[in-house]
Amino acid sequence: QVQLVESGGGLGQAGGSLRLSCAASGRTFSTYRMGWFRQAPGKEREFVAGVRWSGGDTYYADSVKGRFTISRDNAKNTVYLQMNSPQPADTALYCCAAQHGSTWHATYDYWGQGTQVTVSS
C-alpha cells in the first residue's frame, strides 16, 4: 500500500525558513516524479515544485522560484521542500504527491494528507 506522509509544517515567520518532508513507502518510486502542491482556503490547489526521483531534475512554480528548493534523499525515500523567505501568501495546506507520467502536470496517482503551513508577518 502506497503511503506518502508529510511532516514539518507549522507556524513560521515571514523571512524565516521552514522545511517540509514527505516520506514515501509501499512501492519503488525510482521512476516517479514527486510533487509538492498547496491549497489555501478559498483557492484552488496549485503546483509548487517537482522532482524526478531518478536524476533529480526539478521544476518550480514561478511564485516560489528562487525561494523554495525541492530535493530528495533516495536512501531515506524522502522528498523535502525547503522554504526560505516564506511570506504570508505562502500560507496553505501543503501536500506531496507522486506520478508516473512524462510531464510535471500529468495526473498524480498518490497523495499524502498534507501538512499545514502558516506564515505570520
Side-chain angles (χ1 to χ4, degrees):
Q1 182 180 357
V2 174
Q3 274 198 313
L4 301 176
V5 180
E6 302 94 338
S7 61
L11 180 63
Q13 285 200 322
S17 65
L18 288 164
R19 189 174 83 155
L20 308 184
S21 301
C22 172
S25 63
R27 69 167 302 127
T28 300
F29 288 94
S30 58
T31 58
Y32 276 66
R33 296 174 189 256
M34 304 296 293
W36 281 99
F37 291 77
R38 67 186 182 186
Q39 187 166 20
K43 295 188 176 181
E44 291 190 356
R45 184 173 62 198
E46 64 171 338
F47 175 88
V48 175
V51 62
R52 281 181 56 184
W53 214 286
S54 174
D57 311 37
T58 57
Y59 180 72
Y60 296 92
D62 288 342
S63 58
V64 306
K65 203 173 293 183
R67 299 188 299 122
F68 293 6
T69 302
I70 189 170
S71 61
R72 87 272 189 248
D73 184 327
N74 290 351
K76 295 182 178 179
N77 252 20
T78 299
V79 176
Y80 303 98
L81 184 69
Q82 179 69 39
M83 305 171 61
N84 292 334
S85 296
Q87 300 300 313
D90 296 315
T91 295
L93 180 70
Y94 284 73
C95 297
C96 75
Q99 54 110 322
H100 201 225
S102 57
T103 69
W104 292 110
H105 297 291
T107 300
Y108 281 75
D109 304 302
Y110 306 105
W111 292 84
Q113 293 296 310
T115 184
Q116 178 67 37
V117 171
T118 302
V119 182
S120 63
S121 58

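Heavy-atom basis, side chains included; hydrogens, waters and symmetry copies ignored.
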**Student:** Are the side chain of Ser30 and the backbone of Thr28 linked by a donor-acceptor contact shorter than 3.5 Å?
**Tutor:**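 No.
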**Student:** Is it the case that the ring center of His105 lies less than 6.0 angstrom away from the ring center of Tyr59?
**Tutor:** yes
**Student:** Ring centres under 6.0 Å, that's the criterion: do Phe68 and Trp36 meet it?
**Tutor:** no
**Student:** Is there a donor-acceptor pair under 3.5 Å between the side chain of Gln87 and the backbone N or O of Ala89?
**Tutor:**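 Here the side-chain-to-backbone pair does not exist.
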**Student:** Quick one: does Arg27's side chain have a donor or acceptor within less than 3.5 Å of a partner on Val2's backbone?
**Tutor:** no
**Student:** Looking at the rings of Tyr60 and Phe47, which for Trp means the six-membered one, are their centres under 6.0 Å apart?
**Tutor:**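 No; Phe47 has its ring centre 6.0 Å or more from that of Tyr60.
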**Student:** Quick one: OG on Ser25 to CD on Gln3, what's the gap to the nearest 0.5 Å?
**Tutor:**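 Rounded to the nearest 0.5 Å, the OG-CD separation comes out at 5.0 Å.
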**Student:** Could you tell me whether a side-chain N or O of Ser17 sits under 3.5 Å from a main-chain N or O of Asn84, the two making a donor and an acceptor?
**Tutor:** no
**Student:** Inspect the surroundings of CD in Gln39 and state if more than 12 heavy atoms from other residues, nucleotides or ligands are less than 6.0 Å away.
**Tutor:** yes
**Student:** For Tyr80, does its backbone N or O pair with a side-chain atom of Gln82 as donor and acceptor, under 3.5 Å?
**Tutor:**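 Answer holds: no.
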**Student:** At what distance, to the nearest 0.5 angstrom, does CG of Leu4 lie from OH of Tyr110?
**Tutor:**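 Answer rounded to 0.5 Å: 9.5 Å.
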**Student:** Begin from the C-alpha positions of Thr91 and Val117 and carry the test side-chain contact (heavy atoms from CB on, under 4.5 Å) through to its verdict.
**Tutor:** CA-CA 5 Å; Thr91 295; Val117 171; 5.8 Å; no
**Student:** Would the distance check show the side chain of Glu6 and the main-chain N or O of Cys96 forming a donor-acceptor pair, the cut-off being under 3.5 Å?
**Tutor:**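 Answer holds: yes.
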**Student:** Kindly indicate whether the side chain of Ile70, heavy atoms from C-beta on, has any atom under 4.5 Å from the side chain of Met34.
**Tutor:**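 No, side chains not in contact.
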**Student:** Mind checking whether Trp53 and Asn77 have side chains closer than 4.5 Å, heavy atoms only?
**Tutor:**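 Heavy-atom side-chain distance check passes, below 4.5 Å.
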**Student:** Judged by atom type as modelled, is there a donor-acceptor pair below 3.5 Å linking the side chain of Thr118 to the main-chain atoms of Leu11?
**Tutor:** no
**Student:** Could you walk me through whether His100 and Asp109 pass side-chain contact (heavy atoms from CB on, under 4.5 Å), step by step?
**Tutor:** CA-CA 8 Å; His100 201 225; Asp109 304 302; 4.3 Å; yes
**Student:** Identify whether Tyr32 and Leu20 are in the same connected component of the hydrophobic contact network (ILVMFWY, side-chain heavy atoms under 4.5 Å).
**Tutor:**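 Tyr32 and Leu20: one cluster.
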**Student:** Quick one: pull up OH in Tyr94 and CZ in Arg45 and give me the separation to the nearest 0.5 Å.
**Tutor:** 14.5 Å
**Student:** Could you go through the side-chain contact (heavy atoms from CB on, under 4.5 Å) check for Asp57 and Val51 one step at a time?
**Tutor:** CA-CA 5 Å; Asp57 311 37; Val51 62; over 6 Å; no
**Student:** Which pair of heavy atoms, one from Ser120 and one from Pro88, lies closest together, and at what distance?
**Tutor:**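 Nearest heavy atoms, Ser120 then Pro88: C-CG, 4.4 Å.
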**Student:** Distance check, rounded to the nearest 0.5 Å: Cys22 atom SG versus Arg72 atom CZ?
**Tutor:** 14.0 Å
**Student:** Arg67 and Asp90: which non-hydrogen atoms are nearest, and at how many Å?
**Tutor:** NH1-OD2, 2.8 Å
**Student:** Do Leu81 and Val48 come close enough that some side-chain heavy atom pair is under 4.5 Å?
**Tutor:** yes
**Student:** Would you say the side chain of Val64 lies within less than 4.5 Å of the side chain of Arg38, judging by non-hydrogen atoms?
**Tutor:** yes
**Student:** Could you grab the distance from atom SG of Cys95 to atom CD of Gln116, nearest 0.5 Å is fine?
**Tutor:**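 One finds 9.5 Å between SG of Cys95 and CD of Gln116.
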**Student:** Please report the shortest heavy-atom distance between Gly8 and Leu18, naming the atom on each side.
**Tutor:** O-CD2, 4.5 Å
**Student:** Of all heavy-atom pairs between Ala14 and Ser121, which one has the smallest distance, and what is that distance?
**Tutor:** CB-CA, 4.1 Å
**Student:** Please give me the minimum heavy-atom distance between Gln13 and Val119, naming the atom from each residue.
**Tutor:**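 Shortest heavy-atom separation between Gln13 and Val119 comes out as C-CG1, 3.9 Å.
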**Student:** Side chain of Arg52, backbone of Arg33: donor and acceptor closer than 3.5 Å?
**Tutor:**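 Not at all, since once roles are kept as given, no pair shorter than 3.5 Å links the two residues.
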**Student:** Could you report the tightest heavy-atom contact between Gly50 and Trp104, atom names first, then the distance?
**Tutor:** C-CZ3, 3.4 Å
